[in-house]
Number of protein chains: 2
Amino acid sequence: MTQDSPASEQTIRASGRRMTMQRVKILEALKRRPGHSTTEQIYAQVCADDASAEMALSTVYRTLDTLTEMGLAVSFSDGGVTTYEWAGDDEPHHHLVCNGCGTTPEIAISALADLVETIEQQHGFAVDLRHMAIRGQCAGCREKSEAPR
Amino acid sequence: MTQDSPASEQTIRASGRRMTMQRVKILEALKRRPGHSTTEQIYAQVCADDASAEMALSTVYRTLDTLTEMGLAVSFSDGGVTTYEWAGDDEPHHHLVCNGCGTTPEIAISALADLVETIEQQHGFAVDLRHMAIRGQCAGCREKSEAPR
DNA sequence: CTCCGTGCAAAGGCTTTGCACACTC
DNA sequence: GAGTGTGCAAAGCCTTTGCACGGAG
């Protein structure tokens with residue numbers, strides 16, 4: 001694998017799209033960020049990575065949308081704001097999203113395998129694990145909220 | 001259980017809030033609708049239930065938010081639009097949300113029990129099943145989309 | 001050279017909020 | 001009677017879109 005042409009770029013070119021400087025930078029930023037990121041966070045990350053990077057926020061919106069369409073990113077909708085996450089390499093991984101502190105610990109795909117299979121058999125429904133976020137409360141927040149407000 | 005004072009009303013009163021005609025009607029509409037409903041759909045349902053019901057859309061927003069806070073409803077964020085679902089009675093049930101046609105077939109809670117337990121044991125994470133929506137493709141849409149665009 | 005992608009800025013849709021009045025308790 | 005909830009309407013926020021220019025192929 002060539003360092004200057006990661007798989008993601010190949011994928012983009014293969015789809016008939018063009019590799020622009022903006023897309024390269026957004027891809028880098030997306031890969032760099034752990035967990036979910038809002039469009040604006042990615043935009044900020046791009047600026048942080050390269051202060052001389054002139055980019056419009058709308059470009060980030062469009063690019064993220066494109067990447068999601070191509071499966072290189074996955075999107076989530078959390079309370080009116082859409083977040084994205086890199087999904088180009090390795091297996092899809094899933095997050096537990098804590099309603100309290102917002103942390104997103106990962107869980108192994110194996111934990112979900114049974115569920116997916118069951119659903120597929122019983123309903124003929126093909127689960128898209130990439131879009132799966134499981135909400136709840138992490139260990140830390142559980143302790144704190146023994147006494148809910 | 002009194003017909004005129006369902007548990008949901010008791011809950012509302014118990015929290016120190018007032019039972020207004022608007023809340024009653026929104027509750028009814030919410031209970032009546034299957035699956036997820038947008039704020040506007042619930043608003044429309046209220047109007048349908050009682051044509052003489054004067055109500056502002058903002059009231060529906062506020063009420064739905066309140067009900068969610070109290071656990072009588074659960075909310076989902078699907079692509080910029082928030083949807084709600086009644087969650088006051090019976091066990092929490094979960095939906096498969098088809099990315100294709102938008103249908104939301106239910107799945108039995110038992111299918112998730114193992115997953116929940118596993119996550120709890122491995123991560124100390126308390127899964128909130130009420131907020132769980134599993135996305136993917138239903139049987140019908142799978143057939144149609146054998147050839148993705 | 002051709003055409004896609006970008007920047008800029010305005011429009012758009014959903015949701016929230018301030019204020020005065022009505023209604024619940 | 002006291003205070004919450006509502007209606008109305010405007011403001012707010014995130015996101016999308018139109019247009020002309022610039023860069024990729």
Side-chain angles (χ1 to χ4, degrees), chain A residues 4-5 8-30 36-47 50-70 72-73 75-84, chain B residues 4-5 8-30 36-47 50-70 72-73 75-84:
Chain A
D4 296 314
S5 302
S8 48
E9 298 197 6
Q10 307 291 354
T11 305
I12 290 177
R13 285 183 209 283
S15 74
R17 296 169 210 268
R18 297 177 178 174
M19 269 315 300
T20 63
M21 182 180 51
Q22 287 87 340
R23 285 183 177 170
V24 172
K25 287 180 175 160
I26 290 173
L27 273 169
E28 281 177 7
L30 189 63
H36 311 128
S37 306
T38 65
T39 305
E40 205 151 346
Q41 287 175 323
I42 292 170
Y43 174 68
Q45 178 83 54
V46 171
C47 297
D50 180 356
S52 66
E54 288 295 316
M55 191 175 312
L57 187 56
S58 58
T59 298
V60 183
Y61 274 104
R62 281 189 280 227
T63 301
L64 252 21
D65 195 48
T66 302
L67 294 178
T68 302
E69 258 183 31
M70 302 178 56
L72 291 174
S75 67
F76 300 85
S77 298
D78 297 309
V81 186
T82 305
T83 55
Y84 295 86
Chain B
D4 295 313
S5 301
S8 46
E9 298 197 8
Q10 306 292 354
T11 307
I12 289 176
R13 286 182 209 280
S15 74
R17 297 168 210 267
R18 297 176 180 176
M19 269 316 299
T20 63
M21 180 181 53
Q22 288 87 341
R23 286 183 176 170
V24 172
K25 287 181 175 160
I26 290 174
L27 273 169
E28 280 178 8
L30 189 63
H36 311 128
S37 307
T38 64
T39 304
E40 206 150 347
Q41 287 175 322
I42 292 171
Y43 174 69
Q45 178 82 55
V46 170
C47 297
D50 181 357
S52 66
E54 289 296 315
M55 191 176 309
L57 188 54
S58 58
T59 298
V60 183
Y61 274 103
R62 280 187 281 225
T63 301
L64 251 19
D65 196 48
T66 301
L67 294 178
T68 301
E69 257 183 31
M70 302 180 55
L72 290 175
S75 67
F76 299 85
S77 299
D78 296 310
V81 186
T82 306
T83 56
Y84 296 85

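Numbers restart at 1 for each chain; the letters A, B, ... are given by sequence-line order, proteins then strands. Values in this document were obtained by computation on a predicted structure and should not be read as measured data.
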Name each donor-acceptor pair under 3.5 Å that joins a side chain in residues 53-66 of chain A to protein atoms two or more places apart or in another chain, with its distance.
{"unit_1": "A:Thr63", "atom_1": "OG1", "unit_2": "A:Thr59", "atom_2": "O", "d": "2.8"}
{"unit_1": "A:Thr66", "atom_1": "OG1", "unit_2": "A:Arg62", "atom_2": "O", "d": "2.9"}

### Message
Could you work out how much the helix from C:dC1-D:dG25 to C:dC25-D:dG1 bends, comparing the axis of its first five pairs with that of its last five, to 10°?
### Response
40°

### Gap between atom CD of A:Glu28 and atom CD of A:Gln45 - 0.5 Å precision
10.0 Å

### Task
Quick one: label A:Met55 by what it contacts on the DNA or RNA (base, sugar-phosphate, nothing), any heavy atom closer than 4.0 Å.
sugar-phosphate

### Message
Within this structure, what is the CD1-CG distance for the pair A:Ile42 and A:Leu30, rounded to the nearest 0.5 Å?
### Response
5.0 Å

### Message
Measuring from atom OG1 of B:Thr38 to atom OH of B:Tyr43, what distance do you get when rounded to the nearest 0.5 angstrom?
### Response
12.5 Å

### Message
Between B:Arg13 (side chain only) and B:Met19 (backbone N and O only), is there a donor and an acceptor less than 3.5 Å apart?
### Response
no

### Message
Between C1' on D:dG5 and CZ on B:Arg17, what's the gap in Å once rounded to a whole number?
### Response
11 Å

### Task
Provide, to the nearest angstrom, the distance between the CZ atom belonging to B:Arg13 and the C1' atom belonging to D:dT4.
14 Å

### Message
Categorize A:Glu40 for me: base, sugar-phosphate, or nothing, with a 4.0 angstrom heavy-atom threshold over every strand shown.
### Response
nothing

### Query
Under the side chain to side chain donor-acceptor pair (under 3.5 Å) test, which residues partner B:Ser37, sequence neighbours left out?
B:Arg33

### Query
Between A:Ala29 and A:Val46, what is the shortest heavy-atom contact and its length?
CB-CG2, 3.8 Å

### Non-neighbouring partners of A:Asp50 that pass side chain to side chain donor-acceptor pair (under 3.5 Å), sequence neighbours left out
A:Lys25, A:Ser52

### Query
Expressed in angstrom and rounded to an integer, what is the separation of A:Leu57 atom CG from D:dC13 atom P?
14 Å

### Message
Need to verify one output field. Residue with the more 5' nearest nucleotide on DNA chain C, B:Met19 or B:Arg62?
### Response
B:Arg62

### Message
With a 4.0 Å limit, can you tell me whether A:Tyr61 has a side-chain N or O closer than that to the phosphate oxygens OP1/OP2 of D:dT16?
### Response
no

### Task
Look at all strands and tell whether A:Thr82 reaches a base, only sugar-phosphate, or nothing, counting heavy atoms closer than 4.0 Å.
sugar-phosphate

### Query
With no hydrogens and no angle check, do the side chains of A:Thr20 and A:Arg18 hold a donor and an acceptor under 3.5 Å apart?
no

Contact list (N/O, under 3.5 angstrom) for nucleotides 20-23 of chain D vs protein:
{"unit_1": "D:dG23", "atom_1": "N2", "unit_2": "A:Arg18", "atom_2": "NH1", "d": "2.8"}

### Query
For the pair made of CZ in B:Arg23 and C1' in D:dT6, what is the distance, rounded to whole Å?
10 Å

### Query
When rounded to the nearest 0.5 angstrom, what is the spacing between OH in B:Tyr84 and OG1 in B:Thr68?
5.0 Å

### Task
Calculate the interatomic distance between B:Asp65 atom CG and D:dG5 atom C1'; express it in whole Å.
14 Å

### Message
Could you tell me the boundaries of the chain B footprint on DNA chain C, defined by atoms under 4.0 Å from its heavy atoms?
### Response
C:dC14 to C:dC25

### Task
Test B:Leu27 against B:Ile12 for side-chain contact (heavy atoms from CB on, under 4.5 Å), laying out the working first.
CA-CA 11 Å; B:Leu27 273 169; B:Ile12 289 176; 3.7 Å; yes

